[in-house]
A.B. asks: 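Have a look at this one.
Both counts, for ligands and for their atoms, begin at 1 and track the order of listing. The figures that follow rest on heavy atoms only: side chains count, while hydrogens, waters and symmetry mates do not.
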Amino acid sequence: MIDRYKKQRVRMVDSQIRSRNIKDERVLKAMGKVPRHLFVDEGLVDQAYNDNPLPIGERQTISQPYIVALMTEALDLREKDKVLEIGTGSGYQSAILAELAASVFSIERVATLAGRARRLLDYLGYYNVAIRVGDGTYGWREEAPFDAIIITAGAPKIPKLLVEQLTVGGRLVLPVGSRHSQTLLKLTRMSEDINDIREEDLGGCRFVDLIGDYGWED
Ligand code: SAM
């Protein structure tokens, strides 16, 4: 059984991720290691390694493997880095981040999802992930600054409070756009001035809404 999922993961990495030009070996290794099938509902286990997002309850989703890899590569993580994630969801992206960085702080607005992710991440031994329930559009001020921030829900605009919580040189990767379609952006903070930002377009995408005071209305 375990071997079957290992094979599916290797195939997922080769056919969906490496083949689409994700090159960072650390990211490919993490995607080949984290047991994605444990992060989906029991009834969807056989689809866990497919090339698409899947529902995780509460009208939310676990992102497509390629999108997880693309966003993670763009974060350009080093082993000593401190990362903030907005939108814990299933906890899958948090586990990938935990493989690549020193510490991960993740915020989820839906308490049941946060609880389920916490239990699974503990079971898998990802003790370098802290999870908080709340509106992630405010960031996590007590733990700032972060070397990297990832928002895994679609935002109407770039949340300024999160840019403020980046180190100089820090990276923010997020989908920005309408409720129906967004552009995946990578922002790099270039200096103390929070308006001094380098912006890169990583392509089109479609995420569930970022809901909060600096996101969409519920
Ligand atoms: N990263 C997740 C994973 O690996 O399963 C997928 C996240 S799902 C696409 C987006 C998540 O963002 C949902 O769980 C949703 O409840 C959460 N969310 C939306 N707005 C939020 C906010 N303001 N603060 C925290 N979480 C938020």
A.B. asks: Give the numbers and elements of all ligand 1 atoms closer than 4.0 Å to a heavy atom of Val110.
C.D. replies: 16 (O)
A.B. asks: In ligand 1, which numbered atoms sit nearer than 4.0 Å to a non-hydrogen atom of Gly134?
C.D. replies: 24 (N), 25 (C)
A.B. asks: Can you tell me which portion of Gln60 lies within the under-4.0 Å heavy-atom range of ligand 1? Options are side chain, backbone, both, or neither.
C.D. replies: side chain
A.B. asks: Would you check if there is a donor-acceptor pair between the side chains of Glu85 and Ser94 at a distance under 3.5 Å?
C.D. replies: yes
A.B. asks: Do the side chains of Glu25 and Arg18 get close enough for a salt bridge, i.e. N-O under 4.0 angstrom?
C.D. replies: yes
A.B. asks: Check this for me - ligand 1, Ile86, N or O atoms closer than 3.5 angstrom, yes or no?
C.D. replies: no
A.B. asks: Considering only the protein, which heavy-atom contact is closest to atom 10 (C) of ligand 1, and what is its distance?
C.D. replies: Thr152 O, 3.2 Å
A.B. asks: Would you tell me whether Thr88 and Glu108 have side-chain atoms, one donor and one acceptor, within less than 3.5 Å of each other?
C.D. replies: no
A.B. asks: Should the pair Arg26-Asp76 be classified as a salt bridge under the 4.0 Å nitrogen-to-oxygen rule?
C.D. replies: no
A.B. asks: When you check the side-chain N and O atoms of Gln16 and Tyr49, is any donor under 3.5 Å from an acceptor?
C.D. replies: no
A.B. asks: Before accepting this row, confirm whether a basic side-chain N of the pair Asp196/Arg198 lies closer than 4.0 Å to the acidic partner's carboxylate O.
C.D. replies: no
A.B. asks: Could a heavy atom of Asp209 be found less than 4.0 Å from some atom of ligand 1?
C.D. replies: yes
A.B. asks: Is there at least one pair of N or O atoms, one from Ile62 and one from ligand 1, spaced under 3.5 Å apart?
C.D. replies: no
A.B. asks: Which atoms of ligand 1 sit under 4.0 Å from any heavy atom of Leu113?
C.D. replies: 14 (O)
A.B. asks: Can you pull out the closest protein heavy atom to atom 16 (O) of ligand 1? Residue, atom name and distance to 0.1 Å, please.
C.D. replies: Glu108 OE2, 2.6 Å
A.B. asks: What part of Glu58, side chain from CB on, backbone N/CA/C/O, both or neither, has a heavy atom under 4.0 Å from ligand 1?
C.D. replies: neither
A.B. asks: Check whether Asn50 reaches the backbone of Asn52 with its side chain - one donor and one acceptor, N or O, closer than 3.5 Å.
C.D. replies: no
A.B. asks: Just jot down the ligand 1 atoms closer than 4.0 angstrom to any heavy atom of Gln93, in number order.
C.D. replies: 1 (N), 4 (O)
A.B. asks: For atom 27 (C) of ligand 1, find the nearest protein heavy atom and state the residue, atom name and distance (0.1 Å precision).
C.D. replies: Arg109 CG, 3.6 Å
A.B. asks: If you count the atoms of ligand 1 from 1 in the order shown, which ones are under 4.0 Å from a heavy atom of Thr88?
C.D. replies: 1 (N), 2 (C), 3 (C), 5 (O)
A.B. asks: Which residue owns the protein heavy atom closest to atom 23 (N) of ligand 1, what's the atom, and how far is it?
C.D. replies: Ile211 O, 2.6 Å
A.B. asks: Would Ser63 count as being in polar contact with ligand 1, using the rule that some N or O on each side must be under 3.5 angstrom apart?
C.D. replies: no
A.B. asks: Under a 4.0 Å threshold between the charged nitrogen and the carboxylate oxygen, would Asp81 count as salt-bridged to Arg171?
C.D. replies: yes
A.B. asks: Closest non-hydrogen protein atom to atom 5 (O) of ligand 1, residue and atom name please, with distance?
C.D. replies: Ser90 OG, 2.6 Å
A.B. asks: Does a side-chain N-to-carboxylate-O contact under 4.0 Å join Arg9 and Asp14?
C.D. replies: no
A.B. asks: Gly87 to ligand 1: N or O pair under 3.5 Å?
C.D. replies: yes
A.B. asks: Taking 4.0 Å as the limit for heavy-atom contacts, which would you say applies to Val68 with ligand 1: side chain only, backbone only, both, or neither?
C.D. replies: neither
A.B. asks: Number the atoms of ligand 1 from 1 as they appear, then name those within less than 4.0 Å of a heavy atom of Tyr92, with their elements.
C.D. replies: 4 (O)
A.B. asks: Charged N to carboxylate O below 4.0 Å: is that the case for Lys82 and Glu143?
C.D. replies: yes
A.B. asks: Quick one: nearest non-hydrogen protein atom to atom 6 (C) of ligand 1, plus distance?
C.D. replies: Thr61 O, 3.3 Å
A.B. asks: Looking at atom 24 (N) of ligand 1, what's its closest protein heavy atom, distance included?
C.D. replies: Gly136 N, 2.8 Å
A.B. asks: Would you mind running through ligand 1 and noting each atom that sits below 4.0 Å from a heavy atom of Ile107?
C.D. replies: 25 (C), 26 (N)
A.B. asks: With the threshold set at 4.0 Å, does a side-chain nitrogen-carboxylate oxygen contact exist between Arg179 and Asp209?
C.D. replies: yes
A.B. asks: Under a plain distance cut-off of 3.5 Å, with no hydrogens placed, do Glu58 and Thr112 share a side-chain donor-acceptor pair?
C.D. replies: yes
A.B. asks: In the structure I gave you, are the side-chain heavy atoms of Phe146 and Thr167 within less than 4.5 Å of one another anywhere?
C.D. replies: no
A.B. asks: Does ligand 1 have an atom that lies less than 4.0 angstrom from a heavy atom of Ser94?
C.D. replies: no
A.B. asks: Which atoms of ligand 1 sit under 4.0 Å from any heavy atom of Glu85?
C.D. replies: 1 (N)
A.B. asks: When you measure from the centre of the six-membered ring of Tyr92, is the NZ or CZ of Arg36 closer than 6.0 Å and no more than 45° off the axis?
C.D. replies: yes
